[in-house]
Amino acid sequence: MEAFKILPVLKKKLAFLSGGKDRRSGLILTIPLCTEQTSMEELSATLDYLLSIPSEKCKARGFTVIVDGRKSQWNIVKTVVLMLQNVIPAEVSLVCVVKPDEFWDKKVTHFCFWKEKDRLGFEVILVSANKLTRYIEPCQLTDEFGGSLLYDHLDWLNKRLVFEKFTKESTSLLDELIVINENEKGSQAEKDRSSESNVMPSFDPETVLQTGHELLSELQQRRFNGSEGGGGGGGGTAWSPMDDELLAQPQVMKLLDSLREQYTKYQEVCRQRSKRSQLEEIQTKVMQVVNWLEGPGTEQLRTQWGIGDSIRASQTLQQKHEEIESQHSEWFAVYVELNQQIAALLSAGDEEDLMELKGLQQQLSDVCYRQASQLEFRQNILQSAHEFHMTAQDLSQQLDGLLGMLCADVTPADGAAIQQTLKHLEEKLKSVECALQSLREKGQVLLDQMSTQTSFSYGKDVSIENKENIDHIHSVMEDMQLRKQRCEDMVDVRRLKMLQMVQLFKCEEDASQAVEWLGELLDALLKTHIRLGDDSQETKVLLEKHKKFVDVAQSTYDYGRQLLQATVVLCQSLRCTTRSSGDTLPRLNRVWKQFTVTSDERQHRLEMASAFHTAAVKILRESPELAELMVDMEAYEEVETVGKGLLDRLTVPVIFPDGSEQFFGSPGDMASSAESIRERMKLVEEKRFLQEEAEQRLDEEALEVGARES
């Protein structure tokens, strides 16, 4: 019988075991009757429950029953006493009926319990409350009988419920743990059956153990306090009804010990289950990772072998590869987690699982590292292909730009512009050469990487895919090489043409310079070549200088003519009309004609001056003391004629073919030269006058001599 089933009845306190004992150490059972009608069924149920609590040993010592009839009627007391005969006849050794102080005296004579002792099986005495201590010690009586034993019925009932709940749960839990632990010792086949290996107890062992320890602590505390109270024999804390005889403290301790033992085994079982479950879970996840990587993951990579034929195609392949990497990253994350779990299990050091765990770890690592290497290798291939296509596109654009330059008409303004264009052309060609070299290097890197691709093919023959990729790489490099060669040939032609244009501009520039030089010579001839010499010797020197000067002018003119002829040839080669030679040639001829006229005039003046000085010298070469020396008069006339002609020529300007005029030097310079000639002519005239006087004297002397002779 369990307390919770008759809890409402027990709460009525129809009977109770206070924990007190009689002088024979028998338990005291108290039945407090009240004024209200007592249900015999409920009292019988209460007595049945209370009598099921003590141990057999305790029951053998007998019970002392206190029937408190002070508030009840005699017939009820009688009925209760007679009921004891039927309920606990063998266990009752004494029944103390507590009577009212002034009541039942007459009735007692009508019914004497002591006469019915043999029939009842126990002794019944009527006693007042104050005389109950004759049979029972005061310390074993509760306060309603004048004793010092403390008793709280509700507290006892609550503790009893706790005890029964603990006993029921611990017993059930203990049985379940024993079954679970025994099943765990069975065969491996039985362990593998989830229905048996994953059985869980109905109650939480920790909670049940905690309840048991609290209950045991309460029992031990009550027993200690009760021992003190009992030892005192009087006041102090009274005996508790929850001692080892009522609640079987050894039973609690035994249940706790058994429960702890089985729970320890159960914890080991749970640990083994958890380890086994974790190992199975790890093994399942490892196989999931391995199967995916070796299945769909590898299949994804098997279908990705191309490198694309352009930047856009390679970018598309890279995006596809990033998607594949993203899917692999999820499984690699699972790999990292599994590796940490396996490492934690390995650190636990369970020998029986070490080999299996290491095998799983090695298998997982091999597959993941191999797949990661394949992904990295594929990424490197795509990166190299992208760089190759970028370099090829850049080179193609450079070649297109260079070709555009070469196909455009060249209309430079001058030689400096041509030189700048040539420099720009050479820079572009050099840039193309560098880009082509870079393309070759990147292509070779890509080819080298693809040559090692076979080792990552998982047994697949990738020769066809590689051949297409290799052919494409070689095709791109050969095409770029041919385009570059064509551009180089065109650059050579353009370079030659531009060099010819530089030469053309140079010839035109030099021809213009020759015209300027010739103009400067003409200007120098007119402004600085004005002296005629003071004597014939100086005049001869001036004539020689004049001839050299004319030779310089002649070479300058010839140089200009040659340059202009060269421009004509270059223009014909370049198929372009001359831009400046048409103007330069007339200017050159015009200046040359002006120079020729001027130089001829200068030549004539110098020759006249030479003749004048020569004639004058013949006349004046004799000293004045020899003035009698006769000179032919024709010589005087020649000097006079040449001198006057020279003076007249000095006043005449040089008339150019276009009708323009230009004088030699300044008027002062011409006056100075004329004055020098006039002085010489004056000396000659004086010489002539002296000669005429001398001839006249001679004539007079001859006449005188003839007259004397006659």
Side-chain angles (χ1 to χ4, degrees), residues 6 8-24 26-54 59 61-138 140-147 149 151 153 156-157 241:
I6 57 171
V9 175
L10 293 176
K11 285 183 178 181
K12 293 180 179 182
K13 198 180 178 181
L14 300 178
F16 63 88
L17 289 169
S18 64
K21 297 180 181 180
D22 57 21
R23 290 186 174 90
R24 296 175 293 100
L27 295 176
I28 297 175
L29 174 64
T30 304
I31 303 176
L33 299 177
C34 58
T35 57
E36 298 178 359
Q37 184 69 30
T38 301
S39 173
M40 292 300 111
E41 294 181 359
E42 292 180 352
L43 178 58
S44 176
T46 302
L47 293 175
D48 289 340
Y49 174 73
L50 292 175
L51 293 174
S52 66
I53 294 175
K59 290 179 181 180
R61 289 195 292 265
F63 290 89
T64 295
V65 181
I66 299 176
V67 180
D68 188 1
R70 290 176 294 178
K71 296 180 182 180
S72 182
Q73 299 177 1
W74 165 249
N75 58 344
I76 296 177
V77 173
K78 181 181 177 181
T79 303
V80 170
V81 172
L82 293 175
M83 185 183 65
L84 292 176
Q85 179 186 7
N86 299 323
V87 177
I88 49 174
E91 288 82 1
V92 176
S93 56
L94 175 65
V95 176
C96 295
V97 178
V98 181
K99 64 179 181 175
D101 293 336
E102 297 179 356
F103 195 64
W104 290 357
D105 289 339
K106 294 180 180 181
K107 294 182 179 182
V108 171
T109 59
H110 295 287
F111 186 84
C112 297
F113 286 106
W114 63 273
K115 294 181 180 181
E116 302 293 332
K117 179 179 180 182
D118 295 335
R119 185 171 64 86
L120 292 174
F122 50 79
E123 182 182 0
V124 180
I125 62 173
L126 296 177
V127 64
S128 59
N130 56 2
K131 295 180 180 181
L132 192 60
T133 55
R134 294 178 182 178
Y135 305 97
I136 303 172
E137 295 294 334
Q140 303 298 323
L141 294 174
T142 57
D143 58 351
E144 60 261 45
F145 301 115
L149 180 63
Y151 174 73
H153 184 70
W156 172 85
L157 185 57

Once rounded to the nearest 0.5 Å, what's the spacing between atom [atom1] of [X] and atom [atom2] of [Y]?
X      : Y      : atom1 : atom2 : result
Leu33  : Thr30  : CG    : OG1   : 11.0 Å
Gln140 : Ile66  : CD    : CD1   : 10.5 Å
Lys13  : Trp156 : NZ    : CH2   : 11.0 Å
Ile136 : Leu94  : CD1   : CG    : 7.0 Å
Ile28  : Leu17  : CD1   : CG    : 10.0 Å

Examine distances only and state if a side-chain atom of [X] and a backbone atom of [Y] form a donor-acceptor pair shorter than 3.5 Å.
X      : Y      : answer
Arg23  : Tyr135 : yes
Lys59  : Leu51  : yes
Asp22  : Gly26  : yes
Thr142 : Leu149 : no

Listed by chain and number, what are the salt bridge (Lys or Arg N to Asp or Glu O under 4.0 Å) partners of Glu144, not counting sequence neighbours?
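For Glu144, no residue satisfies salt bridge (Lys or Arg N to Asp or Glu O under 4.0 Å) once neighbours in sequence are set aside.
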Please list, chain by chain and in numerical order, all residues satisfying salt bridge (Lys or Arg N to Asp or Glu O under 4.0 Å) with Arg134, sequence neighbours excluded.
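Salt bridge (Lys or Arg N to Asp or Glu O under 4.0 Å) check on Arg134 returns nothing, list empty.
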Could you tell me which residues satisfy side chain to side chain donor-acceptor pair (under 3.5 Å) with [X], sequence neighbours excluded, listed by chain and number?
X      : answer
Asp68  : Arg70
Ser128 : Asn130
Lys12  : Glu42

Worked check of side-chain contact (heavy atoms from CB on, under 4.5 Å) between Cys96 and Leu132:
CA-CA 8 Å; Cys96 295; Leu132 192 60; 3.8 Å; yes
Identify, with sequence neighbours excluded, every residue that meets ring pair (Phe, Tyr, Trp, His ring centres under 6.0 Å) alongside Tyr49.
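Checked Tyr49 against ring pair (Phe, Tyr, Trp, His ring centres under 6.0 Å); zero matches.
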What pairs with Thr133 under side-chain contact (heavy atoms from CB on, under 4.5 Å), at least two apart in sequence or on another chain?
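Partners of Thr133 under the side-chain contact (heavy atoms from CB on, under 4.5 Å) test: Pro138, Leu141.
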For Leu47, all residues meeting side-chain contact (heavy atoms from CB on, under 4.5 Å), sequence neighbours excluded:
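Counting only residues at least two positions away or on another chain, Leu47 forms a side-chain contact (heavy atoms from CB on, under 4.5 Å) with Ala15, Leu29, Ile31, Leu43, Met83, Leu84, Val87.
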With side-chain contact (heavy atoms from CB on, under 4.5 Å) as the criterion, how do Lys99 and Val127 come out once you've worked through the C-alpha distance, each side chain's angles and the decisive distance to 0.1 Å?
CA-CA 6 Å; Lys99 64 179 181 175; Val127 64; over 6 Å; no
Would you indicate whether the side-chain heavy atoms of Val67 and Val98 approach each other to under 4.5 Å?
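No, side chains not in contact.
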How close do His153 and Leu10 get, counting heavy atoms only, and between which atoms?
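Smallest interatomic distance, heavy atoms only, reads NE2-O, 2.7 Å.
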Closest heavy-atom pair and its distance - Met40, Thr79
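Closest pair (atom of Met40, atom of Thr79, distance): SD-CG2, 3.8 Å.
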If you apply the rule side-chain contact (heavy atoms from CB on, under 4.5 Å), what do you find for Val97 with Ile125, and how did you get there?
CA-CA 6 Å; Val97 178; Ile125 62 173; over 6 Å; no
Could you go through the side-chain contact (heavy atoms from CB on, under 4.5 Å) check for Val9 and Glu41 one step at a time?
CA-CA 10 Å; Val9 175; Glu41 294 181 359; over 6 Å; no
